[in-house]
A.B. asks: 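To start, I am sharing the structure in question, which I have written as C-alpha cells.
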Amino acid sequence: MSRFCLPRDIYHGKGCLEELKNLKGKKAILVVGGGSMKRQGFLDKAVSYLKEAGMQVELFEGVEPDPSVETVMKGAEAMRVFEPDWIVSMGGGSPIDAAKAMWAFYEYPEVTFDDLCKPFNFPELRQKAKFVAIPSTSGTATEVTAFSVITNYQTGVKYPLADFNITPDIAILDPELVTGLPVKQVAYTGMDALTHAIEAYVSTLNGPFTDPLALQAIEMVFDYLPASYHCNMEAREQMHYAQCLAGMAFSNALLGIVHSMAHKTGAAFSTGHIPHGCANAIYLPYVIQYNAKDKVAAKRYAEIARRMGLAGTSEKALINSLVAKIHEFNVALQIPRTLQEFGIQEDEFKEKVTNIAELAVGDACTGSNPRSITPSEMEQLLICTYYGTEVDF
Ligand code: FE
C-alpha cells in the first residue's frame with residue numbers, strides 16, 4: 001500500500017493571502033520568523049484578514065533560522081494557553097517547520113521528540129487545530145510536505161520529523177511574498193527545488209502520482225529560474241509554484257543522496273556553512289553520473305532530458321546533456337562547480353571526508369536513492385565533487 005498525501009487546498013496567485021479572510025474558526029495563532037514579514041507589511045495584512053474572518057489573533061514571533069527545541073516548546077506552551085483552532089505559519093521554511101512541531105506538542109503535551117523522530121509515528125493531529133502554511137521563500141516547499149527539521153542545540157542533533165499528519169491543511173502561495181527575495185537565495189532555493197524534483201523522479205518510491213508533478217516542476221525550473229534570478233517577477237511567480245510542485249512530488253516519493261550529502265556537509269567545515277540549495281546544486285550533476293550506472297535510474301534521467309528537449313538520442317548522450325545543463329545552470333547562477341571552488345580547505349576536506357561519507361550513507365535520504373552506496377563509494381563521490389572529476393565508478 002502506498003499513500004499520496006497533499007494539503008486539501010492550495011491557493012495561488014497574486015494577493016491570495018486574502019484567503020485568510022475566509023477561514024472559519026474562533027482563534028488563530030500566527031507563527032512568524034525574525035521580522036521580514038513584518039517589515040514588508042505582510043504580517044499586518046495577515047492579522048487584519050484573520051480578524052476580518054472574525055477570529056481572535058495571537059502572534060508568536062521570532063522563530064530563528066534552524067528552529068530550536070526550546071522555541072518549539074515555547075510555541076506549544078503559548079498554544080496551550082491560547083487554545084487556537086487555527087495555526088497559521090508564515091515565512092521561510094523555519095517558522096513553518098517550527099509551527100508543525102509546535103502543533104504536535106500543543107495537541108499531545110506528553111509526547112517527546114524521540115517519539116516524533118520515528119518516521120510516520122505521529123499521533124493523530126487535528127484534534128484541536130488545523131494548519132495553514134504561507135511560504136515567503138521558494139524552495140523547501142514545507143507548505144505542502146510531511147517534513148520538519150528541528151535542531152537540538154545542546155546535543156547538536158537535528159530531529160528530522162516526517163509524518164503525513166504534519167502535511168498542512170491549507171497552503172497559500174502568494175507570489176507577492178517572494179518579490180523581495182535576494183537573488184542569491186533565488187538561485188540556491190531554485191536549485192534546491194530542481195534537486196527535489198529530480199531526486200523524487202528517480203527515487204525508488206517514484207510512482208504515477210508523483211512523476212507528473214516532478215516532471216512539471218523540472219520543466220518550470222528550466223524555463224523560469226534564470227529569469228527569476230534576473231528579477232523577472234512573472235518568472236519568480238512561476239518558480240514559487242514550481243518549487244511547490246516539486247514539494248508535492250518529494251513529500252510522497254522522498255529524495256536521494258544529493259540531499260544526504262548536503263545534510264552532512266552543510267555544517268561540517270570551519271570555513272563556513274554551505275547553504276542547503278548551493279550544496280545540492282554542486283552535488284547534483286555528480287550524483288546523476290553515479291546513479292546513472294543503475295539501469296532504471298539511467299532510463300529515468302534520459303526521460304527527463306528528452307522531455308526538456310536536450311540534445312542526444314542514446315540514453316548516455318541524453319544523460320550527458322542533462323549533467324551539462326545543470327553545470328550550465330550553476331554557472332549562470334554563479335554557483336561553484338566544486339567544493340574546492342566553494343572555498344573548502346583541502347587539508348580539512350581530506351581529514352573529514354571519511355567520516356562525512358559514513359554519516360551521509362546513514363542519512364534518512366539514502367534509503368530511497370535509486371543506486372545503493374557504500375561508505376567508500378560515498379567517499380570517492382565526495383572527492384569527485386571536491387576536485388570536479390568525472391564519476392566513473
Ligand atoms: Fe532540499
Side-chain angles (χ1 to χ4, degrees), residues 191 194-206 253-266 268-269 274 278-306 310-331 335-342 344-393:
M191 290 307 285
L194 180 66
T195 308
H196 292 156
I198 293 180
E199 293 214 284
Y201 192 70
V202 300
S203 152
T204 54
L205 295 173
N206 73 65
L254 306 186
L255 295 164
I257 57 171
V258 179
H259 271 77
S260 307
M261 293 158 74
H263 291 156
K264 302 308 188 223
T265 50
F269 301 104
I274 313 172
C278 179
N280 282 333
I282 296 173
Y283 302 145
L284 181 60
Y286 302 93
V287 168
I288 293 175
Q289 289 180 329
Y290 175 80
N291 282 345
K293 295 281 181 335
D294 174 273
K295 272 195 183 141
V296 180
K299 188 166 162 268
R300 289 199 148 241
Y301 288 128
E303 277 165 11
I304 294 172
R306 217 173 276 125
L310 302 182
T313 41
S314 71
E315 224 167 58
K316 198 163 186 272
L318 285 160
I319 295 167
N320 286 341
S321 296
L322 181 63
V323 168
K325 183 78 183 173
I326 295 164
H327 279 306
E328 223 175 87
F329 254 80
N330 285 345
V331 171
I335 291 172
R337 194 186 174 94
T338 64
L339 285 179
Q340 188 169 41
E341 243 180 68
F342 180 83
I344 308 294
Q345 303 289 317
E346 192 171 18
D347 289 350
E348 192 183 7
F349 177 79
K350 282 183 175 163
E351 187 193 311
K352 293 183 171 171
V353 65
T354 310
N355 187 38
I356 292 171
E358 203 157 311
L359 293 172
V361 170
D363 187 87
C365 292
T366 304
S368 46
N369 193 66
R371 186 182 167 198
S372 64
I373 189 159
T374 63
S376 84
E377 286 166 335
M378 179 60 90
E379 185 172 338
Q380 273 177 272
L381 183 56
L382 282 162
I383 291 169
C384 290
T385 69
Y386 188 86
Y387 297 103
T389 37
E390 289 260 317
V391 180
D392 59 359
F393 53 93

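Quick caveat, the model's predicted, so the values are computed rather than measured.
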A.B. asks: Would you tell me whether Gln289 and Tyr301 have side-chain atoms, one donor and one acceptor, within less than 3.5 Å of each other?
C.D. replies: no
A.B. asks: When rounded to the nearest 0.5 angstrom, what distance separates CD1 in Ile288 from CZ in Arg300?
C.D. replies: 14.0 Å
A.B. asks: For Lys293, is the NZ atom crowded, meaning more than 12 foreign heavy atoms sit under 6.0 Å from it?
C.D. replies: yes
A.B. asks: Going from OH on Tyr283 to OG1 on Thr265, what distance comes out if it is rounded to the nearest 0.5 angstrom?
C.D. replies: 3.0 Å
A.B. asks: Mark yes or no for whether Glu377, through its side chain, and Thr374, through its backbone, hold a donor-acceptor pair below 3.5 Å.
C.D. replies: yes
A.B. asks: Using a 4.5 Å cut-off on heavy atoms from C-beta on, say whether the side chain of Phe329 contacts that of Ile335.
C.D. replies: no
A.B. asks: State, with a plain yes or no, whether a side-chain heavy atom of Leu381 is found less than 4.5 Å away from one of Ile257.
C.D. replies: yes
A.B. asks: Ignoring hydrogens and angles, tell me if any N or O in the side chain of Arg371 forms a donor-acceptor pair with the backbone of Tyr290 under 3.5 Å.
C.D. replies: yes
A.B. asks: Judged by atom type as modelled, is there a donor-acceptor pair below 3.5 Å linking the side chain of Asn291 to the main-chain atoms of Asn369?
C.D. replies: no
A.B. asks: Is it true that a side-chain atom of Lys352 and a backbone atom of Ala268 form a donor plus acceptor pair closer than 3.5 Å?
C.D. replies: yes
A.B. asks: To the nearest 0.5 Å, tell me how far Glu379 CD sits from Ile373 CD1.
C.D. replies: 11.0 Å
A.B. asks: Check whether any side-chain heavy atom of Leu339 sits under 4.5 Å from a side-chain heavy atom of Ile274, and report yes or no.
C.D. replies: yes
A.B. asks: If you count the non-hydrogen atoms of other residues, nucleotides and ligands that lie under 6.0 Å from CD in Gln345, is the total more than 12?
C.D. replies: no
A.B. asks: Just verifying a value: how many Å separate His259 NE2 and Asn280 CG, rounded to the nearest 0.5 Å?
C.D. replies: 4.0 Å
A.B. asks: If I compare all heavy atoms of Cys278 with all of Pro336, which pair ends up nearest, and what's the gap?
C.D. replies: SG-CD, 4.2 Å
A.B. asks: Within a 6.0 Å radius of atom CD on Glu358, are there more than 12 heavy atoms belonging to other residues, nucleotides or ligands?
C.D. replies: no
A.B. asks: SG/Cys365 to NZ/Lys264 distance, rounded to the nearest 0.5 angstrom?
C.D. replies: 8.5 Å
A.B. asks: Could you tell me whether the side chain of Val202 reaches within less than 4.5 Å of the side chain of Asp294, counting heavy atoms only?
C.D. replies: no
A.B. asks: Backbone N or O of Ala360 within a donor-acceptor pair of the Thr366 side chain at under 3.5 Å?
C.D. replies: yes
A.B. asks: Please check this pair: side chain of Tyr386 against backbone of Ile344, looking for a donor-acceptor N/O pair closer than 3.5 Å.
C.D. replies: yes
A.B. asks: Between Ser368 and Leu205 (side chain of the first, backbone of the second, donor and acceptor by atom type, cut-off under 3.5 Å), is there such a pair?
C.D. replies: no
A.B. asks: Compare every heavy atom of Thr313 with every heavy atom of Leu318, then report the nearest pair and how far apart it is.
C.D. replies: CD1-O, 3.8 Å
A.B. asks: Are side-chain heavy atoms of Phe269 and Ile356 found at a separation under 4.5 Å?
C.D. replies: yes
A.B. asks: Any heavy-atom pair between the side chains of Val323 and His327 that's under 4.5 Å?
C.D. replies: yes
A.B. asks: What is the minimum heavy-atom distance between Ala253 and Ala200, and which atoms define it?
C.D. replies: CB-O, 3.8 Å
A.B. asks: Does Tyr286 form a side-chain contact (heavy atoms from CB on, under 4.5 Å) with Met261? I'd like the steps, not just the answer.
C.D. replies: CA-CA 11 Å; Tyr286 302 93; Met261 293 158 74; 6.0 Å; no
A.B. asks: Where do Val391 and Gln380 land on the side-chain contact (heavy atoms from CB on, under 4.5 Å) test, with the steps shown first?
C.D. replies: CA-CA 8 Å; Val391 180; Gln380 273 177 272; over 6 Å; no
A.B. asks: Any donor-acceptor pair under 3.5 Å linking the side chain of Ser203 with the backbone of Glu199?
C.D. replies: no
A.B. asks: With rounding to the nearest 0.5 Å, note down the distance linking CD in Glu346 to CD in Gln340.
C.D. replies: 6.0 Å
